[in-house]
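Here the structure is laid out as structure tokens; the discussion comes afterwards.
Just so it is clear, the values below take in all heavy atoms, side chains as well, and ignore hydrogens, waters and symmetry mates.
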Amino acid sequence: MNLSEKDVPKQVQGVSVTRLRRWIKRGWVSPALGESGYSYSDVDIARIDLIRQLRDDLSVDAEALPVLLSLIDQVYGLRRELRCVMRAIEEQPETVRAEIVARIHVERGD
């Protein structure tokens, strides 16, 4: 689902077009820009809602928010990489998978 700028406030309570534009200017949200303006994906909407919660519900200030968003982005990036590694491991023969599991236990100190 892609939403236009005017549809976002209908989707995310507490977010106005003005507020949304401020967040884009600060680099907190990066929607696709087309001929008809910004287009917001499901991921953009989730990020907008997260920012709203951090700002309104948790009172995270404007200076701390970019650091927090960067850390969250890193965690999601690592999770995505881990899923790729897991898929690659699942494609290996059972003996290789068993060796990997054993090595993980050694690394953890289990």
Side-chain angles (χ1 to χ4, degrees):
M1 159 179 68
N2 283 324
L3 298 176
S4 68
E5 185 176 67
K6 66 179 175 63
D7 293 326
V8 173
K10 297 173 190 170
Q11 189 76 21
V12 183
Q13 188 175 10
V15 175
S16 66
V17 171
T18 302
R19 194 174 197 197
L20 189 55
R21 288 179 182 168
R22 189 176 326 123
W23 293 352
I24 292 168
K25 187 175 181 178
R26 290 180 177 170
W28 298 350
V29 181
S30 301
L33 181 58
E35 291 180 17
S36 60
Y38 289 112
S39 177
Y40 298 85
S41 68
D42 290 339
V43 172
D44 295 324
I45 298 302
R47 186 175 183 92
I48 291 164
D49 192 42
L50 172 64
I51 294 168
R52 193 221 35 93
Q53 290 175 39
L54 291 169
R55 296 284 286 152
D56 297 349
D57 299 347
L58 299 175
S59 301
V60 174
D61 66 35
E63 290 180 19
L65 191 65
V67 174
L68 189 54
L69 289 173
S70 176
L71 291 170
I72 291 168
D73 290 343
Q74 289 176 45
V75 167
Y76 279 109
L78 290 169
R79 288 178 66 194
R80 200 170 28 253
E81 289 295 320
L82 186 56
R83 279 193 299 272
C84 290
V85 170
M86 291 301 298
R87 282 193 295 271
I89 291 170
E90 288 169 357
E91 293 176 4
Q92 300 305 310
E94 178 59 37
T95 56
V96 173
R97 289 195 312 262
E99 289 175 23
I100 292 170
V101 169
R103 183 66 189 164
I104 289 170
H105 288 292
V106 168
E107 289 294 323
R108 281 195 219 154
D110 295 349

Pairwise distance [atom1]([X]) to [atom2]([Y]) - rounded to 0.5 angstrom:
X	Y	atom1	atom2	result
R79	C84	CZ	SG	13.0 Å
W28	L50	CH2	CG	11.5 Å
I45	L3	CD1	CG	4.5 Å

*Would you call D44 and R47 a salt bridge, using N to O less than 4.0 angstrom?*
no
_With a 4.0 Å cut-off on N to O distance, would you call E91 and R87 a salt bridge?_
no
_Quick check on the hydrophobic clustering: are V29 and L33 connected, directly or via other members, by side-chain heavy-atom contacts under 4.5 Å?_
yes
*Linking I/L/V/M/F/W/Y whenever their side-chain heavy atoms sit closer than 4.5 Å, directly or via other members, would I48 and L58 fall into one cluster?*
yes
*Donor + acceptor pair across side chains of D73, S70 (<3.5 Å)*: no
How about [X] and [Y]: do any of their side-chain heavy atoms sit closer than 4.5 Å?
X	Y	result
Q13	D49	no
Y40	L20	yes
V17	V8	no

Least distance between heavy atoms, [X] atom then [Y] atom:
X	Y	result
R55	A62	NH1-N, 3.0 Å
N2	S39	CB-OG, 3.4 Å
R97	E90	NH1-O, 3.4 Å
D57	R52	OD1-NH1, 3.4 Å

*So with a 6.0 Å cut-off around CD of E94, is the heavy-atom count from everything else above 12?*
yes
*So, does R19 use its side chain to make a donor-acceptor pair with the main chain of G14 at under 3.5 Å?*
yes
*Excluding sequence neighbours, so at least two apart, what forms salt bridge (charged side-chain N to carboxylate O under 4.0 Å, His left out) with R108?*
D110
*asked:* Which Ile, Leu, Val, Met, Phe, Trp or Tyr residues join V96 in one cluster when any pair of side-chain heavy atoms under 4.5 Å counts as a link?
replied: V85, I89, I100, I104
